[in-house]
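In what follows, a structure is listed as structure tokens, so that the remarks can point back to it.
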Amino acid sequence: MIGRDRSDKFDAIFKAYDVRGRVDTGELDEETAERIGAGFACFVEAPVVAVGRDCRASSPSLAAALIEGIRWQGVDVVDLGMIPTEVLYFHSGSRSMPGVVVTASHNPAGYNGFKMCLRGAAPLGMGSGLGRIKHLAGAEGIALPARGRGRVTHHDPMPAYLDHLLSIVDPAGIGPLRVVADGGNGMAGLVLGGLFDRLEADLTGLYLEPDGTFPNHPADPLDRTNLEDLIRMVRSGSADAGVAFDGDADRAVFADEDGEPLSGSVTTSIISRWYLGRRPGARIVHNLICSKSVSEAIRAEGGVPIRTRVGHSFIKRVMADTGAVFGGEHSGHYYFRDNYGADSGMLAMLVVLTVLTEAGVPLSVLRQTNDPYATSGEINTVVPDAAASIEAVAAGFSGHEQDRLDGLTVDLGDRWFNLRPSNTEPLLRLNVEAPDRYGVDELAAEVIAVISATG
């Protein structure tokens, strides 16, 4: 490895759970990718590493550079080609090897990055090895001894991956539903056709052709404006359900037959009930910004809810430590013990379609049953000092129950809120829940007023 020390540049692209940066400005380039590959190979100390990539224009060259960095450390590479992120997790879990996928998930076309995992699809975040990889690649990368070039083999994981999905969710349990799926020109289109060929359900596809320029809309289904085409198609085609995936297809957002999107909390409740009907008394993990209706639904079905911090590395670790069968995040990530503890938008879709078939009622009815509260959605506020603002809010609500599991959560009895600093921006993220919209708006205004007074 040769070149200048880039540890300062790495500070900008190494995030809490992955690596992400702009390729259109040179923030992330091939030299950086090669260094990260070398750092990853040195850290995992494995004889072979799996590598995949998404459909962005920059992904082939970044993947090639990443592979070179791995090979120069004497480590072999299995090149999986263009895949959704969850396929990397499947391959890592089933073959017990670490892996990297080149992707920027839901970010715009000018971005790219790397999601990494250890053997068995184990999570890798800043507190569990990502910081060490950053140090190896940045501060020490130019001094790393090359041990010779590892070999590259190519492997198509898709057939085994489809078999894996349908070994977890029985395709016979999904009836002749009409489903609209929006791939957002991301990676979901590589899977949906082959998957629905093995289901009785009928698929109407939107933007299933992978195109890393994302010509129709950004591949971010959490933004409702990106769901408008899906909503329109569901309503016009009398579909039973809609589903939209993000760019690397590990996140899924559902819509009922009226085109109304389901929150991640509602979907978590629906999937939790399905699991608990099959595994009574099981533990279910949910992050702390999920609606309290999630824990209520889990308890109502005889399960054990476990509350965690936000972020996939935390949820995966807690699932492994507690033996939880399922985990859900309000952001649309869903984790399955049967899937090596990894998140899968496709498995979430299969479970929702199974529930819809078994229930024999519209998805709107299931949504309403699991959605008793009003929520604010995420309210972002730019602040000069996130820590000071959080402490001011804590003092302002000192008469109420508080915890610091992740940021500040304040429980006012019939209402609650969580206030968290962003991992990557000078922002505070506020989530509020109350019995009705008036209660949400009132509490949100109180919290924002305290934040504004500290600015």
Side-chain angles (χ1 to χ4, degrees), residues 1-4 6 9-10 12-14 18-44 46-89 91-92 95 97-105 107-117 124 130 133-134 136-138 141-142 144-158 185-187 190 210-214 247-249:
M1 306 288 290
I2 58 174
R4 62 192 181 281
R6 302 178 120 193
K9 175 176 274 193
F10 285 8
I13 64 174
F14 273 77
D18 59 15
V19 176
R20 200 167 301 179
R22 297 190 64 153
V23 293
D24 54 358
T25 64
E27 186 178 45
L28 177 59
D29 58 18
E30 286 79 7
E31 182 185 344
T32 302
E34 187 176 359
R35 288 170 172 268
I36 291 171
F40 182 76
C42 287
F43 175 76
V44 298
V48 60
V49 168
V51 174
R53 58 180 172 84
D54 70 11
C55 60
R56 294 164 191 267
S58 59
S59 291
S61 62
L62 289 176
L66 179 86
I67 288 171
E68 282 301 291
I70 295 169
R71 293 178 66 200
W72 274 115
Q73 302 310 308
V75 176
D76 293 343
V77 173
V78 177
D79 186 348
L80 304 178
M82 197 162 64
I83 56 169
T85 290
E86 62 185 67
V87 176
L88 177 82
Y89 295 150
H91 192 84
S92 171
R95 303 295 180 94
M97 68 175 64
V100 185
V101 62
V102 180
T103 182
S105 188
N107 287 101
Y111 286 78
N112 217 323
F114 309 103
K115 290 185 178 180
M116 309 176 191
C117 64
L124 183 60
L130 192 59
I133 293 169
K134 173 186 174 184
L136 287 168
I142 55 175
L144 290 174
R147 297 194 297 269
R149 289 168 64 84
R151 298 174 301 167
V152 178
T153 57
H154 298 269
H155 175 71
D156 178 7
M158 288 297 185
N185 294 114
M187 304 311 297
L190 295 183
D211 183 339
T213 67
F214 307 113
D248 64 335

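Just so you know, residue 1 is the first one in the sequence shown, and it goes up from there.
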Are any of the side-chain heavy atoms of [X] and [Y] separated by less than 4.5 Å?
| X | Y | result |
| --- | --- | --- |
| Pro84 | Met158 | yes |
| Thr153 | Asp76 | no |
| Thr85 | Met187 | no |
| Leu66 | Val100 | yes |
| Thr32 | Phe10 | yes |
| Val102 | Asn112 | yes |
| Asp29 | Lys9 | yes |

Minimal non-hydrogen separation, [X] against [Y], with atom names:
| X | Y | result |
| --- | --- | --- |
| Leu80 | Leu88 | CD1-CD1, 4.1 Å |
| Gly138 | Arg35 | O-NH1, 4.0 Å |
| Asp211 | Cys55 | N-SG, 3.7 Å |
| Glu30 | Ser61 | OE2-OG, 2.8 Å |
| Ala33 | Phe114 | CB-CZ, 3.6 Å |
| Gln73 | Cys42 | OE1-SG, 3.4 Å |

### Task
Go through Ser105 and Asn107 one step at a time and tell me if the side chain to side chain donor-acceptor pair (under 3.5 Å) criterion holds.
CA-CA 6 Å; Ser105 188; Asn107 287 101; 5.8 Å; no
### Query
Under 3.5 Å, side chain of Arg56 to main-chain N/O of Pro108, donor-acceptor pair present?
yes
### Task
Might you work through the side-chain contact (heavy atoms from CB on, under 4.5 Å) test for Val75 and Phe40, ending with a clear yes or no?
CA-CA 10 Å; Val75 176; Phe40 182 76; over 6 Å; no
Taking atom [atom1] of [X] and atom [atom2] of [Y], what is their separation to the nearest 0.5 Å?
| X | Y | atom1 | atom2 | result |
| --- | --- | --- | --- | --- |
| Ser92 | Glu86 | OG | CD | 13.5 Å |
| Asp156 | Ile83 | CG | CD1 | 10.0 Å |
| Arg149 | Glu68 | CZ | CD | 4.5 Å |

### Message
Could you go through Arg95 and His155, starting from their C-alpha distance and side-chain angles, then the distance that decides it, and tell me whether this counts as side-chain contact (heavy atoms from CB on, under 4.5 Å)?
### Response
CA-CA 12 Å; Arg95 303 295 180 94; His155 175 71; 3.6 Å; yes
### Verdict with supporting geometry, Ile36 and Met116, side-chain contact (heavy atoms from CB on, under 4.5 Å)
CA-CA 11 Å; Ile36 291 171; Met116 309 176 191; 3.6 Å; yes
#### Entry: CA sep, side-chain torsions, deciding dist, call: Val78, His91, side-chain contact (heavy atoms from CB on, under 4.5 Å)
CA-CA 10 Å; Val78 177; His91 192 84; 4.1 Å; yes
